[in-house]
Visitor: 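Before I ask anything, let me first share the structure, which is written out below as structure tokens.
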Amino acid sequence: MKALAFTLKAWPLVALATIGLCYLTQAVAGWFGVDLPDQANIAFVKEHAGWNVKFAFICAQVAILMPVAEEIVFRWLLWRATKPGRPILAAAISAALFAAAHYLAQPWPDAAFLALFVFGLAQCWIYSRTNHLWCAMLNHALFNVTNLVLLFVLPAA
């Protein structure tokens, strides 16, 4: 129960920090005249938005499938395997690979790379603090759903 309480307390902090960092990156790039495109995943979701089966499948992937799969790969397998003796270095490696994995066969850079790296670090922290992978999965799912909702609630930059 403590792990769940911690995760639910950490989620808004992690979401605000990483989403804010993404917007800050976009703003700083704009100040220097650099146009950063939407992350390819975001563009894909926008393209298929609407009440249909394809969009429902995308939402299920965002809310359930990807958080579970990514936490198993990047936190349970990769971070746990490399953390003995060097947990901070292991977290940085896990977070960097997590962020990079979001750009396989996609355009880069965009405003989300640094935010994804920070999010990966936060996920290692949550897993380390709770010692429950499901807490990292829950936080990841809440983060993804928050982003999905904000995608359609906030005006385009």
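Side-chain atoms are counted along with the backbone in the values below, which use heavy atoms only and exclude waters and symmetry mates. From a predicted model like this one, the values you see are computed outputs, not experimental measurements.
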Visitor: Under 6.0 Å from the CZ atom of Phe55, do we count more than 12 heavy atoms belonging to anything else shown?
Guide: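 Yes, CZ of Phe55 has more than 12 neighbouring heavy atoms, counting only those of other groups under 6.0 Å.
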Visitor: Should Trp125 and Trp76 be regarded as members of a common hydrophobic cluster, given that ILVMFWY residues are connected when their side-chain heavy atoms come within less than 4.5 Å of each other, either directly or indirectly?
Guide: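 Trp125 does not cluster with Trp76.
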Visitor: Which distance, rounded to the nearest 0.5 Å, do you find between the CG of Asn147 and the SG of Cys22?
Guide: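 With rounding to 0.5 Å, CG (Asn147) is 8.0 Å from SG (Cys22).
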Visitor: Applying the side chain to side chain contact (heavy atoms under 4.5 Å, CB included) test to Phe98, which of Leu121, Leu116, Val73 qualifies?
Guide: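 Answer to the side chain to side chain contact (heavy atoms under 4.5 Å, CB included) test with Phe98 among Leu121, Leu116, Val73: Leu116.
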Visitor: How many angstroms lie between NZ in Lys2 and SG in Cys135, if you round to the nearest 0.5 Å?
Guide: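 Result: 13.0 Å between the selected atoms.
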Visitor: Indicate the atoms forming the closest heavy-atom contact of Ala63 with Val145, along with that distance.
Guide: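 Residues Ala63 and Val145, closest heavy atoms: CB-CG2, 3.7 Å.
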Visitor: Kindly indicate whether the side chain of Leu138, heavy atoms from C-beta on, has any atom under 4.5 Å from the side chain of Leu8.
Guide: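 Of all side-chain heavy-atom pairs linking Leu8 with Leu138, at least one is under 4.5 Å.
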Visitor: Please name the pair of heavy atoms, one in Ala10 and one in Asn139, separated by the smallest distance, quoted to 0.1 Å.
Guide: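 So the two residues come closest at C-OD1, 4.3 Å.
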Visitor: Should Phe119 and Tyr103 be counted in the same cluster of Ile, Leu, Val, Met, Phe, Trp and Tyr side chains packed under 4.5 Å apart?
Guide: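 Looking at the clustering, Tyr103 is in the same group as Phe119.
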Visitor: Measure across Val62 and Asn144 and return the closest heavy-atom pair with its distance rounded to 0.1 Å.
Guide: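 So the minimum-distance heavy-atom pair works out to O-ND2, 2.9 Å.
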Visitor: Decide yes or no for Ser94 and Thr82: does some side-chain heavy atom of the first lie under 4.5 Å from some side-chain heavy atom of the second?
Guide: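 In short, these two side chains do not touch, never coming nearer than 4.5 Å.
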Visitor: Looking only at non-hydrogen atoms, find the nearest pair between Met137 and Pro67 and report the distance.
Guide: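 In terms of heavy atoms, the two residues are closest at O-CB, 3.8 Å.
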Visitor: Around atom CH2 of Trp134, are there more than 12 heavy atoms of other residues, nucleotides or ligands at under 6.0 Å?
Guide: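 Yes, because the 6.0 Å sphere around CH2 of Trp134 holds more than 12 heavy atoms from other groups.
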Visitor: Nearest 0.5 Å please: distance from the NZ atom of Lys83 over to the CZ atom of Arg75.
Guide: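 CZ of Arg75 is found 13.0 Å from NZ of Lys83.
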Visitor: If every non-hydrogen atom of Thr18 is compared with every non-hydrogen atom of Val14, which pair is closest and at what distance?
Guide: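 Looking at all heavy atoms of both residues, the shortest contact is OG1-O, 2.7 Å.
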Visitor: Shared ILVMFWY cluster between Trp79 and Phe6, side chains joined below 4.5 angstrom?
Guide: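 No, separate clusters.
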Visitor: Taking the ring of Phe113 and the ring of His102, is the distance between their centroids below 6.0 Å?
Guide: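 No; Phe113 has its ring centre 6.0 Å or more from that of His102.
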Visitor: Answer yes or no: is there a side-chain heavy-atom contact under 4.5 Å between Ile58 and Leu148?
Guide: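 Ile58 does not reach Leu148 side chain to side chain.
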Visitor: Calculate, to the nearest 0.5 Å, the distance between atoms CD1 and CG belonging to Ile93 and Leu78 respectively.
Guide: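 The distance works out to 7.5 Å.
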Visitor: What pairs with Thr146 under side chain to side chain donor-acceptor pair (under 3.5 Å), at least two apart in sequence or on another chain?
Guide: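 With neighbours one apart ignored, the set is Trp11.
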Visitor: So, Ser128 side chain and Cys124 main chain: donor-acceptor pair closer than 3.5 Å or not?
Guide: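 Checking the backbone N and O of Cys124 against the side chain of Ser128, no donor-acceptor pair under 3.5 Å is found.
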Visitor: Would you give the length of the straight line joining atom NZ of Lys9 to atom CG of Leu4, rounded to the nearest 0.5 angstrom?
Guide: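 Result: 10.5 Å between the selected atoms.
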Visitor: Do Phe57 and Met66 share a hydrophobic cluster (ILVMFWY, side-chain heavy atoms under 4.5 Å, transitive)?
Guide: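 Different clusters.
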Visitor: Are Leu97 and Leu133 connected in a single hydrophobic cluster, I mean Ile/Leu/Val/Met/Phe/Trp/Tyr linked by side-chain heavy atoms less than 4.5 Å apart?
Guide: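 Result: no, two separate clusters.
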Visitor: Work out which heavy atom in Ala136 is nearest to a heavy atom in Tyr127; give both atom names and the distance.
Guide: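 Between these two residues, the closest heavy atoms are CB-CB, 4.3 Å.
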Visitor: Quick check: do Gln123 and Phe74 have side-chain heavy atoms less than 4.5 Å from each other?
Guide: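 Gln123 does not reach Phe74 side chain to side chain.
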